[in-house]
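Below is one structure; the comments refer to it alone.
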Amino acid sequence: MNCEQISALLPDYWQGSLSAEQRRTVETHLAGCDDCREAAALWTRLGELPAEQPSAQLRVRFEAMLEAYQHGLSQRPAAPAVTFSWGDLFRSLWPRTPSLQFAMCTCFLAVGVLIGHFATASNSQSKELAQLHQEVAGMREMVAVSLLQQQSATDRLRGVSWSHRLARPDNEVLSALISAVKHDPSVDVRLAAADALRKYAQEPDVRRGLVDALNEGQSPLVQIALIEELTDLKEPSTVHVLRQLENDRNVNEAVRQRASWALEQF
Amino acid sequence: MNSATDNELMRQVREGNVAVLGQLFERYHVPLFNFFLRLTWNRSQSEDLVQDVFFRILRFRATYRDEMAFSTWMYQIARNVRVDALRKQKPESALDEELSPPADARPSHAEEFESQQNEEFLRQALARLPDDAREVLILSRYQNLKYDQIAEMMNCQTGTIKARVFRAMKDLRQIYFGLASGRLRRAAGEPGIQGA
């Protein structure tokens, strides 16, 4: 066998997953080929590079984070475990409230009409299309806001995921998301809403809302997520809140540590 | 000794027993730290990235699927964490100095010195590989991942991964011997090729 043929076997030879016969074939080739032998020797030497040990601080930080998360979980009502499947995902996106089902049907119908128009439209129809497009966007916003106001946390999470589909959500959607970050009883909804708002962080109102949420925050996990988000955004008004958190002995230790870290980033 | 498999532990985490994540941390924080360290050559950043991986495992625990090996899923998260970190920062320009042994710590014995220097060349050769080649090599050589797991993680064929590993080893060999022969030339007093 030449080098090219052996190249198909070498990676498996290195990981030790060849049959005895294939292994013999490779070893016969290696005995007569300097290049492949050197590459094999280098693979062995790579494995001999010693592993490094992280500092003890890593474990301390992990334990603080886990504790903060458990604290956050204990503050919300128990929710059934969720396993992922496409069927469940589809079902989960379908609202249970008849009015929302109607809104979604209308939305899908509008999208269908829009596609139909695109297929046949001439230039003179572009105005109508733009109007229709706007109506579809408005419908989506309505669905998002309605879902965000539902009783069930699962529905509110769906509202957050609907907001992701909006190219540019209106103020009502943004206010609903900010309010979810600040006041939603479910940690998962608060975290998801904070994530969703990252996309619209160029809006001053959104930034202000995130800083307020950090200031008012009751769940350490959400506060840590907000600190990271606002540090990424380099929002100057965060510094004042971070200093307060860092110095407040009643604040969770993990949050205080993250606040100190964030202040260094600023 | 706890013999529960990674997947069993992760299932418990997904179902709300999040304290069990501590056991997965014990098993994986050092390999993960070394995964990031060999990609970034920066200790404190690598620790931050490990912390971020475990944070995301908690946040996205509901999306863990039984049919995927936990390590595949975890390294998928680790890759995403690194991509996000890269977006936020400028690329690392050189090998972190803290990884090289300080001069006074180097052994005086000639053989030991040579062996340490070869190790150093290997580290440098690894650092000079293009990012994607280095990543696939690290995943297959150090993280105990089979080629089909890496393929699943990167959403491509197993054969593609094997070809990438082979190419990466060829490139690594070339860089490594380039560095080693440069040293021999310097030792023999010949001019190097740098700046030629």
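Below, chains carry the letters A, B, ... as their sequence lines are ordered, and counting in each starts from 1.
Phe54(B) touches chain A through backbone and side chain together, each having a heavy atom under 4.5 Å away. Using a 4.5 Å cut-off between heavy atoms, Ile161(B) does not touch chain A at all. Of the atoms belonging to Ser55(A), heavy atoms from both backbone and side chain fall under 4.5 Å from chain B. Heavy atoms closer than 4.5 Å to chain A are found in both the backbone and the side chain of Phe55(B). For Arg38(B), the part lying under 4.5 angstrom from a heavy atom of chain A is the side chain only. At a 4.5 Å heavy-atom cutoff, the contact between Leu145(B) and chain A is made by backbone atoms alone. If you measure heavy-atom distances from Lys170(B) to chain A, you find no contacts under 4.5 Å at all. Proximity to chain A involves both the backbone and the side chain of Tyr147(B), based on heavy atoms less than 4.5 angstrom apart. Proximity to chain B (any heavy atom under 4.5 Å) is shown, for Leu46(A), by both the backbone and the side chain. With a threshold of 4.5 angstrom between heavy atoms, Ser46(B) does not approach chain A through any atom at all. Heavy atoms of Thr231(A) lying under 4.5 Å from chain B are absent altogether. Ala19(B) touches chain A through backbone and side chain together, each having a heavy atom under 4.5 Å away.
The residue among Arg59(A), Glu228(A), Glu48(A), Gln57(A) with the most heavy atom pairs within less than 4.5 Å of chain B is Arg59(A). Across Leu10(A), Leu42(A), Leu221(A), Asp232(A), the residue that shares the most heavy-atom pairs under 4.5 angstrom with chain B is Leu42(A). Listed options Ala8(A), Ser7(A), Ala39(A) were ranked by heavy-atom pairs under 4.5 angstrom with chain B; first place goes to Ser7(A).
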